[in-house]
Each structure stands twice: as structure tokens, then as C-alpha cells.
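When a ligand or atom number is given, it counts from 1 through the structure's own listing order.
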Amino acid sequence: MTSSLAPSTFDTHEIGNQAHPLRVLLVEPQRSHKYHTAYPPLGLLKLAAHHQQRGDSIKLVSGTSADGFDPNVIYITSLFTYAWEPVHEVVRFYGNEYKKARVIVGGIYASLCQDHLRESFGDRIEICEGVIPELDDLLPAYWLIPQWKSSILFSSRGCIRQCLFCSVPQLEPKFEARESIKHLIYPGHKKVILWDNNILASPYWENIFAEVEQTGLEVDFNQGLDARLLTEEVALSLKRLKIPIIRLAYDSMGIKEPLKQAIDLLNSLGIRGRKIVVYCLYNYLDTPEDFLERLRALLNWGVVSYPMRYQALEPGPKDGYISPNWTKEQLEMVAKARRVIGYGGAFPPYEGLKRKILGARTFEEAFQLRTRHILSSLK
Ligand code: SF4
């Protein structure tokens, strides 16, 4: 998809060079089931910090609202490619409301689907592709969202791997790591959330872990840890952190061995399986049987599996993509089982759940639900 993209029209150097104070409007599309996130818009908060340093006036809003602020520049963020409609809604609204203002759209959808955005808005918008390197080392303007108590940060960008289903190689093609993250932790926050795609690939991971440990704060390696890089040294460092959940991934059969070794290592240090959540990609190149086999392995290993349905990188409805190896009915069976016999969408290694999935002869048998009553008693 990147090969057909028009080049970004947003010059990142320009944002620091404007002479007069600006009125800057920062827009997050309206949150709803169509635009769902549990996190604040980090990119907008970094832009806010940057513009405040310049002496500009800033305003952060969600959805559409016009109250006479009259901005010169409007930044609009975006999330996953399937959540494009709420983005178009705010681009349309603000583009019409403030005809003289620059409208700059960034974020995942804007970066990956530039042609799609251009088809609707032409030259009315500028597109900011990927990360703005000049802003990445700034402490986000958390003072704009005082109710939020976690510092979200990246100690590295990009990834050393090139998984075909993943947008990271397109969004952040170069792997780059920073040595320290202390300056990105906001005073008074209770938790540190690292959004690194692959922190263990960083030559500085040990220093980053040590810095987090020194804060005494809870930590979440939110995007998961690469089991292939989870050595004894890493496991010992993890053990010293205040980390309620360790996230790993089992996206294909190819990583079975390193994953099993990583889980054994964590278990040997006293980290229980219920604290280990393993993301399990499906609806991609796998088959339902392959998915079931991975799920069975995870249940046998006593860890929590979290099925992750593959979503196409092109704009389209959520769950619109169906792999040639899957049927709509099979995908619905997994979705329903996650709701009914799972816990928060995950499959913990409950005894009843293990009996059902491990004892099934086929995929259909594993995911067939008879009555809610019978199945809820499995827990
Ligand atoms: S290891 Fe993770 S972040 Fe890296 S390319 Fe694969 S899925 Fe993406």
C-alpha cells in the first residue's frame, strides 16, 4: 500500500518556524463504537506541548464544536484504518467552519491511507505521515487532561522484524531507540505505559527497565514483548518491575519454541501463567485448525490467550476482512465464544474452558456454544 501513496505534503520543519503566535486547534474525532480508544491522543498532546513552548494558544477538543476560537492551524488525529468515518466527519466540519485555517491530518489512518483521504478532501488538507521526529522527545501536554494518570511513551520506534500483517514497518520503517525515558514521565503520574513495538530489540532496554524500576511506578509494556528476545536477563529484570501483566504474542506456529521457552523462563522465576497474556492472531494466513492448535498450546501452558482478529490495513468496516482460509461463520463463532465463555475477550486457563477446548475433536466442536447457562457453569 505504501508504494501507491502520495508523498506527505506536511513539512515537519515548518511547524517550528512560523513567526507569529498561532491559534492551534487540536481535534480528536468523536469517541464512539466507531472510534474507540482507551488512551488519550498522544500525538496531539505532543503538538500541544510544542505549540505552548512557542507561545501559541492551543485548544484540545473531541468531535465537532465551534465556539469562536477561530484557529489558524487545525491538527486532526486518526486511529485504525477501519475508524476512518469519524475522521472524515471532523475534517469536513472544521475544514468548512474555518476556511482559512490549515488543516493537517495525521495518525495511523492518515498515514496509511493517504489516497483515500485525498479522494474526499483533495488539497484542502495536509497529511502528516508517520512520526514527527522533532516532537517525539517532548513531554506530552498532560496538563490538558489532568484526570489521566499514566505516562505513555516510546523508548524506541519501528521494529527489527517485518511481519506482513503489521503496519509498523510502514508507519515507522526505521528502528531507532533512545537511551533514557525519564524526561517523558510526568510528575504525579501513577503508571508508565510503553508503546514500543519491540522494546527488547533496543540496545538500551536494560537502562530503560532500570529507569522505570527507579520510579517505583507500575509499568505496562503495552504492545507486548518479543518472546524470541526474552532472555534470562530480561526475565530477571521483569521480575523486579511492578508489572501486573506480561504481554507476549503467538501469531504463527513458527514461534512456538521460543514462546514456550519464554513462558517456562517466566514461570521458573515465579511469574504465574495468569499474569501472562499471549496475543493470538487469527484470520490472516492461518487456518481455524492452526488457530485452535495455538490456543490449545496456550491453555496447556497455563497462560491467558487473547485472540486478535486480523483487520485489513485498507479502509473498510471493522471486521470486514475475511481471510480465504476462514468463513464468516467460523469468525463469528470465535467472537461469540470470546464474549460468552471468555473473560474480557480473553481465554484464561480456567479448568472448564480447558476441558471444552482441549477435549474438542474439531474447531466447530471447540467453539460451538449450546446454552449460556451450561457454558457459564464451565467457569
Ligand atoms: S514483531 Fe510486532 S511490531 Fe514488529 S513487525 Fe512483527 S508484529 Fe509488528
Taking 2.8 Å as the upper limit, name the protein N, O or S atoms near atom 8 (Fe) of ligand 1. Cys166 SG
Any side-chain donor paired with an acceptor under 3.5 Å for Asp196 and Gln223? no
Which residues satisfy the side chain to side chain donor-acceptor pair (under 3.5 Å) test with Asp136, sequence neighbours excluded? Lys46, Arg157
Would Asp220 and Ile243 count as a side-chain contact (heavy atoms from CB on, under 4.5 Å) if you check the C-alpha gap in whole Å, the side-chain angles of each, and the deciding distance to 0.1 Å? CA-CA 6 Å; Asp220 180 6; Ile243 177 166; over 6 Å; no
Residues which pass side chain to side chain donor-acceptor pair (under 3.5 Å) with Tyr109, listed by chain and number, not counting sequence neighbours: His88, His116
Which pairs of donor and acceptor atoms, one on a side chain in residues 160-169, lie under 3.5 Å apart (sequence neighbours left out)?
| from | atom 1 | to | atom 2 | distance (Å) |
| --- | --- | --- | --- | --- |
| Arg161 | NE | Asp226 | OD2 | 2.6 |
| Arg161 | NH2 | Asp226 | OD2 | 3.1 |

Tyr279 and Arg247: side-chain donor and acceptor closer than 3.5 Å? yes
